[in-house]
Structures are given as C-alpha cells and as structure tokens.
Protein chains: 2
Amino acid sequence: MSIEQSRKLTIYDLARLAKSSPSTVSAVLNGTWQRRRISRKLAQRILDLAEREGYSTNMQARALRRDRSGILGMILPLYDNRYFSSIAQVFEAEARRRGAFTIVSCTNRDPAQEREAARMMLAYRVEHLICTGATNPDVIAEMCGGAGIASLNLDLPGTAAPSVISANREGARRLTDALLDRLEEKQTDGERVLFIGGRAEDHNTRERIEGFRQAREGRGLTTEATDIVPCDYAAEKAQAALEAYVGREGRLPAAMFVNSTISLEGIVRWLRLGDHDMNDIIMGCFDWDPLAAAFHPRLIMMRQDVPTMIARLFDWIDTPPEDPTIRLEVMPEIIGDPTAT
Amino acid sequence: MSIEQSRKLTIYDLARLAKSSPSTVSAVLNGTWQRRRISRKLAQRILDLAEREGYSTNMQARALRRDRSGILGMILPLYDNRYFSSIAQVFEAEARRRGAFTIVSCTNRDPAQEREAARMMLAYRVEHLICTGATNPDVIAEMCGGAGIASLNLDLPGTAAPSVISANREGARRLTDALLDRLEEKQTDGERVLFIGGRAEDHNTRERIEGFRQAREGRGLTTEATDIVPCDYAAEKAQAALEAYVGREGRLPAAMFVNSTISLEGIVRWLRLGDHDMNDIIMGCFDWDPLAAAFHPRLIMMRQDVPTMIARLFDWIDTPPEDPTIRLEVMPEIIGDPTAT
DNA sequence: TATGAATGCGCAATCGGTTGTGCAACTATT
DNA sequence: AATAGTTGCACAACCGATTGCGCATTCATA
C-alpha cells in the first residue's frame, strides 16, 4: 500500500520514481510497451512500482487524448420493474465484460428528461447511446447524429437508428391464444376479454393490441373498441380504468390481457379490494415478474428475452448495420401456460 | 441546427467564428464571464453562436483541467427489487437536481466485483463514492481514502466511512410486534414464529434478528435457534430452507418474519406449491413491494425510507461529518398493519 | 573496421478546456 | 493635462495522458 497522497499520482511521478520518462511509463501502463520496444525488465519495474504506489490511470486525460471515453450510455424509463432493471443489469454486465464503462440514466418517460440526459451523455462523450423505451427515440437519434455518436434503440423502435425490440405482435398473439384456450376450457363462450394498460401512442402497445385482435379474429371473434383500454403505465390508472370498465359493463371481464406489470399491480389491487377471487378471472400479463408468478401461478406472463436483446445490441455496437433503420424483433417467452412446451 | 460536423466543435472553433479568444469563449460558456468582465454583448453573441452550432462542452477536458469530474459514483448489489431500484432512482434524481452526473454499478454482492467497480470509479475520478449494501464497505472506504475520495456507506454500515442505514433493530421489533399482535388475535399461543432470509454475516440481518428476539422477549417468549434461518438472499434458498424447516418441525410456522422480498418470493412459491392458504399464516416482510402488497393485502411490510436516507447522504456530501465513523439510522415505515396509525 | 539494421527509450506536440496575469483603451479625478 | 482607476479582453501555462518521431546504443554483416 502506498502512503496516502494528497495529490493523485501521475505518470510523471512514476517516471521520476522509476528514473524513466512519462512516455515510457504511459506505454507500459496501457499495454503498448512491446510495440514501443520497451524492455521487459523496465516494463516490469514500472508495473511493480505502479502497483506498489497505487497508481490509477486518469480516465479523463486518457479520454481527452484518445478522443474515446470508453463509456457506453443508456437512457431508461425506470428501474423499478424486472424488465427494465434486468436490461440495465445485463447491459452493464456485458459492457464490463468488454472493458467498457456504462452510464445509465432514468428519464421517467419524459421527453424533456430524455433530451437532457442525452445532452449530458454526449457532453461526457459516450461512444454509443442506447435509448430504451424512449418516448421519441428519433429526437435522440438526431442529437446523436449531429454529434457523430451512434445511437441504438431498445424496446421501443425508432426510424432514425437501428432498433432491437420484442416481437410484440406475435407475442401478444400467443398470449391471447393462451388466454382464449383457457377460456374455452372453462366453456364460457361469449364472455368479454379486456385488453388493459400501456399507451395508445406507443408502438409496442399498438402492436400488442393488433396481436390481441388477430388472435381473436383467428377464432372468429370480433373485438369491441370498448374492450381495448390503453390507460397508460401506472397502477392507479389501471385500477381506475378497470373500475370504470366494470361499472359500464356491469360485470367483470372473463379474461384480461394486462399490458405491463405496473398495470397488473392496479388490476390486482382492484380485484382484492372488491374481494374478487383471482382465479375466477383468466389473466395474462405482457411482462414478467417472479414475485407475481409466485403469488399467482395461474397468471400467464410473457417474459421478454433481455439477454438476447442485449446480445443483438452489442452485435450492432461491434459492427454497425448498413441499414440505419433496421429493426430486429426478439421473441418473448410465455411463462405459466401449461399448453406450451 | 448546425451542419453535421465530423470533428466536434471546440471553444477554439467558436473563438474563430466569433473573432474572439478561447479563454473568453470558455468564460462565457461556463458562466464565469461576469467575473472576468466580459461585456454582455460579446457574451450574448458567443452564446447564440454556441447554440446555433450545437456546441457541447467536452466534460473530459473540463474535468481534467478542473480536477473535478462532476460525477458521483454508487455501487449497488442489484437493481431488481423495489428497495435498491428506488435507491438508484432517487439518488440519480437528487444528483441531477444539483447538476451532478451519476454512475451506478451493480456488483451482485460480490466482493471482487465491488473492488473492481470501485477501482473503475476512482479511475473516472468520481467526487464521492456511495457504497450501497456492500459486503465489505471498509475495503472500499480504504481504497477511496488512498485516492483522496470521500466515500459513504448506505444500507449496510462500515467503520471507515459515515453510514446511513435503516433502523433495522427497531424496525424489526415493530414488525415482529405486529406479527405477534396478529398471532394473539388468533388466540393461537405457543405457535412457532420463523425468522427467515438474509445473511448471518451481514449487519442488517443480525440487527433484525436481535429486534425479532427483543420483541418476543418483551412478551416473555424465548426464541429457539432453530427458528432463526438466515438462508441468504435468494428465492431458491428460502424455498429450500422453509421446506427443510417444515420437514423438521412437522408443521408450518404460525407466523413468519421474511427478511427481504427475494426471500418472500421463495416462501410464497413454496406455500403455493404445497397448496397452503396464504391467509393461514401470518407474514411480515422486511422490505416493501407494491405488487406483493396488491396480491396479499394482509402481508405486513417494512418500507425503508429511501428519500430520507438519500437526503441524509447528500447532507454529508455537502458537509462531511467530523466523525468519519458516524452512523445514522433512518426509521422504516410499517405498511399493512391495521393497528398502526 | 566500416555499414546497416535492430533495439531501447526520451522529446515534445497534442487533446479541449480553465485560469492567473497582463495590457490596452476608456473614464473619472484633481 | 497628468494620474489613477475601471473596463474588456487575450496570452499562455497548465491538467495527465498518448503518440509520432528521432537519437543513441548495440548487434549483425560485409
């Protein structure tokens, strides 16, 4: 261990201590010493010294000189559900594996916060910016373009940068199919099936609604507009929306397609408050939460395939696609459906 | 909007465009122009120019020169529960409010990852490092000390840096009291009450066990060692531990103190698998999850007061405490206990 | 014993801001 | 009209790393 330094140790200090030069020390410490024909002996001496003195490279200086920060940036709506928190964790783990550093910023689905976060990330010269679930990814992509930084969209697609998203329509179709299978088992035909949660403006919600419609159509069922309730991402809104729905219809839906765990929270709360039995109603949720699964094993959930999505993202970080508007869909996995293998 | 530049715009470019000098441009852009007696007219001209050309300060260069990065670092075990994700979000929001940037790194309760993350944070010259739930905070504090960086502990305390933690013992006492009240209501005296989850080595778990013991002692109850099962933070381990416990004892405990939502997940799963009625067993959980609350309204939960904890943390960031070993406890709130106001 | 090549390392410029200092040009004072 | 103070700005030296280039040795070859 070194003596506590008030001033951080630099390559100049090490050069002095090693009776060498800053350029040599630099080459040794960043691994380019062989190419610069530094003798192994001197290199070892400097490495030992650096270790003993607790030297740590000043990344700001390195970034400035190299014109590469070594930082990957990500903006994210929130951390507080399993989908987004897992995105953040997997992203960070993979970046770390490659020796990159990550900066993640939560922007609360707020366009102004998204822009501000992107501005800061660009100021810190991130090498790539991943926009996850951005309300308007194209604005961010344009900011990045102006700064010469590559951006990528995740979860919600854009038209100005490559996008990795879930196969929302197909996923929703499968989830709806599972719900309808259950409904048929119960032999309660003609009952209402409610789609609830998400935002009508957002691409994923629209796609999932379309998948929902198509699955019903496949069984000769038509879907009423009143059965589609994209009441935004908030437990209270889902709770209120369900209350209103049941008030209008005079009875519970037989099955529900719940679009996100945050909506699920409101739905479950409302059912509990009204003392309804959770098992009387067939529920599917587009998103996965293991605690919800534990509490309600008959709940069918679509688990989005985060590891694969992040892997594809890094493929594009390594080799940017020629087509900047390319969109890749990753299939989510159905959980809790006994008819699925 | 500016023409797309291949090379980023610098203050030198702006100086040329404005027919001024780099030092003047710098002063204007970082707000010190009044102190440097730059005329308002020139300042405005430069600001307009910067805006029009889409200039963005290179934070690496600024950090290098100022010897201040403007970055606050935080290490965190995980994002995937409401407690830690809320810590990350509130921390980031507060830092942003103060114009600071944050870097958060998940280290999976792994000492090696914690050290590595701290090393990187120090290389990026964070101005403060917050160690949240670190397995060995003192190691990190020492690394920071050697680098002349202030560190602070959150959630789990250390002895080498100031710590903000929850009032674990008192919180556990209250939670246990609530459980025992319920038990008495049911008039099923003499039944077993199980403490399950957490790590025997970790300070919080030990304190909570102590609070659990004290609350029972307060009612003249002694606590068997076999009723204390700190089986680590993992759903599967809690599930297995409960299975083993019930196997040994021959019956379910009448009440359970579940130490974390991750343990709760395993507990609930096991109960479901065994087809036990959740309402036959009185449950308390030290940590809060709104989805769990929705599914199980009779579940009593201690919600740790994250906003207050973060506020205290920033108080210390602003004015470091004289005593570096100071420890502050923040009272968590009990949720779902009808006897509490 | 020259000559050319390879080895081993240091010099100095550079990345893009920041900031102490100095120096004109003006204004106010006597 | 001479002096002192103020206003408005530019110069140049940093911050700590990186890297093109060059120079002195040593080694191999003729």
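Letters A, B, ... are given to chains in the order of the sequence lines, protein chains preceding strands, and every chain is numbered from 1. All values below come from the heavy atoms of this structure, side chains included, with hydrogens, waters and symmetry mates left out.
Smallest separation of non-hydrogen atoms from A:Tyr124 and A:Ser69: O-CB, 3.8 Å. Of all heavy-atom pairs spanning B:Ala15 and B:Ser21, the tightest one is CB-C, 3.5 Å. What you find for A:Leu129 and A:Val126 is that their closest heavy atoms are CB-CG2, 4.4 Å.
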ask   = What string of B, S and - do you get for nucleotides 14-23 of chain C, 5' to 3', if B is base contact, S is sugar-phosphate-only contact and - is no contact with any protein heavy atom under 4.0 Å?
value = BBBBBBBB--
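Between the P atom of D:dT19 and the CH2 atom of A:Trp33 lies a distance of 17 Å, rounded to the nearest Å. For the pair B:Leu14 CG and D:dA10 P, the computed distance is 13 Å after rounding to whole Å. Residue A:Leu42 contributes atom CG, which lies 17 Å from atom P of C:dT7 at whole-angstrom precision. A straight line from CZ of B:Arg68 to C1' of D:dG16 spans 18 Å, rounded to a whole angstrom. Computed from coordinates, the A:Asp13 CG to D:dC15 C1' distance equals 13 Å when rounded to whole Å. For the pair A:Lys19 NZ and C:dG10 C1', the interatomic distance rounds to 16 Å; values are reported in whole Å.
Taking 4.0 Å as the cut-off between side-chain N and carboxylate O, A:Arg98 and A:Asp318 count as a salt-bridged pair.
Phosphate proximity of C:dC9 to A:Ser39: present, with a side-chain N or O under 4.0 Å from OP1 or OP2.
The salt bridge (Lys or Arg N to Asp or Glu O under 4.0 Å) analysis of residues 71-86 of chain B, with sequence neighbours excluded, yields the pairs A:Asp80-B:Arg82, A:Arg82-B:Asp80.
Note that B:Arg199 lies outside the cation-pi zone of B:Tyr233, set by a 6.0 Å cut-off to the ring centre and a 45° limit from the axis.
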